[in-house]
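All chains are named by letter (A, B, ...) in the order of the sequence lines, taking the proteins before the strands, and each is independently numbered beginning at 1.
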Amino acid sequence: MKKLILIDGNSIAYRAFFALPLLNNEKGVYTNAVYGFTTMLLKIIEEEKPTHMLVAFDAGKTTFRHKTYDDYKGGRQKTPPELSEQFPLVRELLDAFNISRYEAENYEADDIIGTLAKNASEEDFEVKVYSGDKDLLQLVSDKVTVILTKKGITNVEAYDEALIADKYGLSPKQIIDMKGLMGDSSDNIPGVPGVGEKTALKLLKEFGTVEKVLDSIDQISGKKMKEKLEENREQALMSKELATIFLEVPFETELEDLSFGDYDQKKVVDFMKELEFTSLVSKFDVDAEEVELEEITYETLEKIEEDHLTKEAALIVEVLGENYHQVPIEGFAMVNEKGRFFITTEKALDSEAFVNWLKDDSTQISVFDAKQAVVSLGWQGILLNGVEFDMQLASYLLDSSLSSHGISDVASRKGISQLQDDEVVYGKGAKRKIPDQDQLAEHLVRKAEALFKLKPVLEAELKENEQEELFRELEMPLSIVLGRMETTGVQVDKEQLEQMGEDLELRLDNLEKKIHEIAGTSFNINSPKQLGEILFEKLGLPSIKKTKTGYSTSADVLEKLAADHEIVEHILHYRQLGKLNSTYIEGLLKVTRKETNKIHTRYNQALTQTGRLSSTDPNLQNIPIRLEEGRRIRKAFIPSEKGWKMLAADYSQIELRVLAHIAEDEKLMEAFQLGMDVHTKTAMDVFHVAEEEVTSNMRRSAKAVNFGIVYGISDFGLSQSLGITRKEAGQFIERYFASYPKVKEYMDSIIEEAREKGYVSTLLHRRRYLPDLTSRNFNKRSFAERTAMNTPIQGTAADIIKKAMIEMAERIEQEQMQSRMLLQVHDELIFEVPEEEVEKMMKLVPEVMEKAVELNVPLKADVSYGETWYDAK
DNA sequence: TGCTCCACGC
DNA sequence: GACGTACGTGGAGCAG
């Protein structure tokens, strides 16, 4: 069957423009609307597989409707120039796709779409109309579906007759009557004053059309309403006329001319590349995006001579895949003033000269991902010592918001196109493999070449940003420290985990039986869909919250239902134990190395927007602690040497101390100078009570506000965590600010400063750019504002612990201790320590942590040790 | 394989 | 006046 897609070009472009941040490409051309339009188009082509397609645009300023009503669309805000300049690009995009576009003097896009929809349905086409404008709903019929954007651009809702009946209780045609009565402020259609959606729907359900409503005024209840309708009789009829889509726009083209099919992929890809839509380009066939690589010369070294090895060089130590622990090195590439070289792993590791060069600490080696290089070589027993520049870290520090810090991404952003993505060369997923040696060699050499060329560029940018020190003294040395921690790994007591797993499975079985019994049927408790059906349909519990796909069964919803039905508490318990078993017991066992019973996580040092680390494979930064049941998992984390202890030290309230420092708020500083419990102190200040009058509830509330300040949550977030209304939460925040005026001042000034500079900074010059601070979208702007307030706090805390880690590593080495740093959990460091060093470390670790930086409030670190991580509390 | 939902940590 | 609301990672279910 033929399928015609009609797109309301102006509407979708507007929508995209306001839904997306104001992107621009390197040439400064704004591209957000085109980008949104493109994603929408790609989605339509993929999902609808249209046979025919047309995009309609509004033509000039005046249309036939202005003859009826001068002020039609009056008072409308002028199209922002940033958007206007994108319309020619949208047209160019459509031409690249070979999609028809149409605009007609005197008519709006609606009329073009309406006419074509009518004509096409008469010829038995299936018609789908895409727009953001509800007006178009009047076109819906058994042949015509109207798809409206709901949120963002690609989140849409398809309206057929049934849905309109369901939502409004009206037929599609009656949508026009509704507009006639209630008007439309965006088009400046007046309607009948005092009649809104509710009244309009009521009247139309009773009488059917505007005309019939006006004919039956005497039957309408309410004196005021009668008067209004009487007075605005003409205006209502005119409004209806204005809202009616004209279905007789003259066309010169035939429907067949709108056919959509083959288009030149290269044209489309070129266009997208021009606008730097890299993520979209990757959706097209690899062939289409293959860049034309120029030839590159290099030498495959059979024998490595001293002469090849210079002080300064770019080095690639290649491994396949993300996880670089205990996997083979696939090859080396090196670029220096002497030339470009590829070296097979075998030749490289057999060469004494090369290995010595790697171990030499007086070299200046550039790499991409220093930690990977150090760890990969570390597993071969080689200590890579001379790493001086990590391009990935440099790119991350320069702009952490860039989503990809892969070598080819960084290179292409810096103007080097002579590098293919690893995925292109190796394939992805199950199909990933190393190509033949020539291809591999060339790829690695190109990587090293990019490194060699770009190092000075990125170094200059770091200097420009005053981030040289952050880079050289903090992130670079930290990558080596982290590499060592990862390689060391943490030992787990496998039997303990297995025992806990068996225990959990038994209890899960029993719980499952019980839940099925109560429900009276067997179902998958882990499936939110099935669980929702049981709870809210079969058992008839009240549905509190919905998700996109159905009922929400999240813990906060279930907790509210616990009193209504005994099954709920069992489900919550089942969930809790299930999570422990699958994520922690099974998950950890899966990644425990068989030979050593050790776990080697990987820290991502170039990911978070705030400067924190993240941990994967496994994530050791979210091991349970809050509930005792889960906390016991920590009993399985043990020292790797007999007689050693686990030692843990964590910063106490580091973020709030940082806040006190930055804001220089006397009252907040006082809390820390006096060594008070900060939540109690906050409760005292906010509720104006003495210490002994602080109730546990007050402290709980104060704690939640402090939490909110640290994490930058909104009044909504606070209301959720305290179970109060948003308004109350808002008032609470107000009171907090009233109590800590300097904090308020800081919050205001940081937003102001960030708006001027475009970014916020931490104590050690880490940056986060916040372009959304000037967004017209309230949501985005508010989010950016909270981010501006929160990032310097959280980021400075991250800076501090990173500094402490480097110093701890140095101290352990200097004092020739055997203790090993194992893990970092944002504000906490975990070590394994021989018995004889426990006493020293119990003093040294908190001392180093507390002295990592000097603030105008003291830093405090608590430390303890025990047989397992669990016991170090 | 990619998405959604849910849950864990800070 | 509504919007959809800290940052991460990972497992299970489910659709294609």
Side-chain angles (χ1 to χ4, degrees), chain A residues 18-19 46-47 150-152 155 185 400 428-431 523-532 545-558 571-572 574-588 590-591 601-604 607-627 629-631 633-634 650-651 653-655 707-721 726 729 768 772 775-791 793-795 797-798 801 823-828:
Chain A
F18 287 106
E46 194 190 320
E47 288 180 3
K150 230 165 74 180
K151 173 182 104 183
N155 191 343
S185 59
S400 60
K428 66 170 173 180
K431 281 182 263 173
F523 66 103
N524 186 344
I525 308 169
N526 280 323
S527 160
K529 189 164 159 244
Q530 295 182 33
L531 180 62
K545 199 164 84 179
K546 287 222 165 194
T547 66
K548 265 180 279 182
T549 48
Y551 306 103
S552 168
T553 64
S554 60
D556 60 319
V557 170
L558 294 188
I571 291 167
L572 281 165
Y574 182 89
R575 277 253 180 90
Q576 189 204 336
L577 299 188
K579 170 84 181 174
L580 287 180
N581 195 37
S582 63
T583 306
Y584 297 106
I585 304 287
E586 287 175 4
L588 289 174
K590 235 182 280 174
V591 293
T601 184
R602 279 172 301 128
Y603 290 100
N604 196 333
L607 186 134
T608 71
Q609 300 303 302
T610 54
R612 279 184 169 187
L613 302 173
S614 77
S615 150
T616 52
D617 244 358
N619 181 354
L620 291 182
Q621 291 182 319
N622 71 344
I623 303 299
I625 188 165
R626 254 186 49 248
L627 300 171
E629 186 87 51
R631 190 176 196 150
I633 301 279
R634 296 178 175 226
D650 68 302
Y651 279 112
Q653 305 298 350
I654 186 167
E655 284 97 351
F707 180 84
I709 298 283
V710 167
Y711 288 116
I713 63 173
S714 56
D715 52 359
F716 175 86
L718 182 64
S719 72
Q720 291 291 301
S721 68
R726 222 177 93 175
R768 181 170 185 179
D772 282 353
S775 168
R776 283 166 305 273
N777 178 320
F778 172 81
N779 243 332
K780 298 201 157 160
R781 195 172 61 246
S782 315
F783 181 47
E785 287 172 357
R786 294 203 303 276
T787 309
M789 300 187 266
N790 147 262
T791 297
I793 303 173
Q794 220 190 95
I801 193 162
L823 303 173
Q824 189 252 41
V825 190
H826 307 307
D827 64 354
E828 181 184 10

Starting at atom CG of A/N779, determine the distance to atom C1' of C/dA6, rounded to an integer number of angstrom.
14 Å
So what does A/S552 hit on the nucleic acid, given a heavy-atom distance under 4.0 Å: a base, only sugar-phosphate, or nothing?
sugar-phosphate
Rounded to whole Å, how long is the line connecting atom CZ of A/F523 with atom P of C/dG13?
13 Å
So, does A/R786 get its side chain near the phosphate of C/dA6, meaning an N or O under 4.0 Å from OP1 or OP2?
yes
Quantified in whole Å, what is the P atom distance between nucleotide B/dC3 and nucleotide C/dA6?
22 Å
Pairing pattern in dot-bracket form [Watson-Crick, G-U; both distances under 3.5 Å; | = partner strand] for DNA chain C:
......|||||||||.
Can you tell me how far the CG atom of A/N526 sits from the CZ atom of A/R575, to the nearest 0.5 Å?
8.0 Å
Under 4.0 Å between a side-chain N or O of A/S527 and OP1 or OP2 of C/dA12?
no
When A/T616 and A/T610 are each assigned the nearest nucleotide of DNA chain C, the 5'-most assignment goes to A/T610
Please tell me if A/N524 has a side-chain N or O lying less than 4.0 Å from either OP1 or OP2 of C/dG13.
yes
Short side-chain N/O contact from A/Q530 to OP1 or OP2 of C/dC14, under 4.0 Å
yes
For A/D715, answer base if it contacts any base atom (sugar-phosphate contacts may also be present), sugar-phosphate if it contacts only those atoms, and nothing otherwise; contact means non-hydrogen atoms under 4.0 Å.
nothing
Quick check on C/dA12: is either OP1 or OP2 less than 4.0 Å from any side-chain nitrogen or oxygen of A/K529?
no
Under the criterion of centre distance below 5.5 Å and interplanar angle below 30°, is A/F778 classified as stacked on the base of C/dC3?
yes
Applying a 4.0 Å non-hydrogen cut-off, can you work out what A/T553 is touching in the nucleic acid: base, sugar-phosphate, or nothing?
sugar-phosphate
Can you see if the side chain of A/S614 gets near the phosphate of C/dT9 - specifically, an N or O under 4.0 Å from OP1 or OP2?
yes
Holding to side-chain contact (heavy atoms from CB on, under 4.5 Å), I want the full list of residues that pass it with A/T616, two or more places apart in sequence or in another chain.
A/R602
About how many Å separate CZ of A/F783 and CG of A/N790, when rounded to the nearest 0.5 Å?
8.5 Å
Interface limits on DNA chain B, where chain A has a heavy atom under 4.0 Å of a nucleotide atom
B/dT1 to B/dC10
Measuring only the P atom in each nucleotide, how far is B/dC5 from C/dT5? A whole number of Å is fine.
12 Å
To the nearest 0.5 Å, what is the distance between CD (A/E828) and CD1 (A/I801)?
8.0 Å
Given side chains that start at C-beta, do those of A/I713 and A/R786 come closer than 4.5 Å, heavy atoms only?
no
From the list A/N622, A/T601, A/N604, side chain to side chain donor-acceptor pair (under 3.5 Å) partner of A/S615 resolves to A/T601
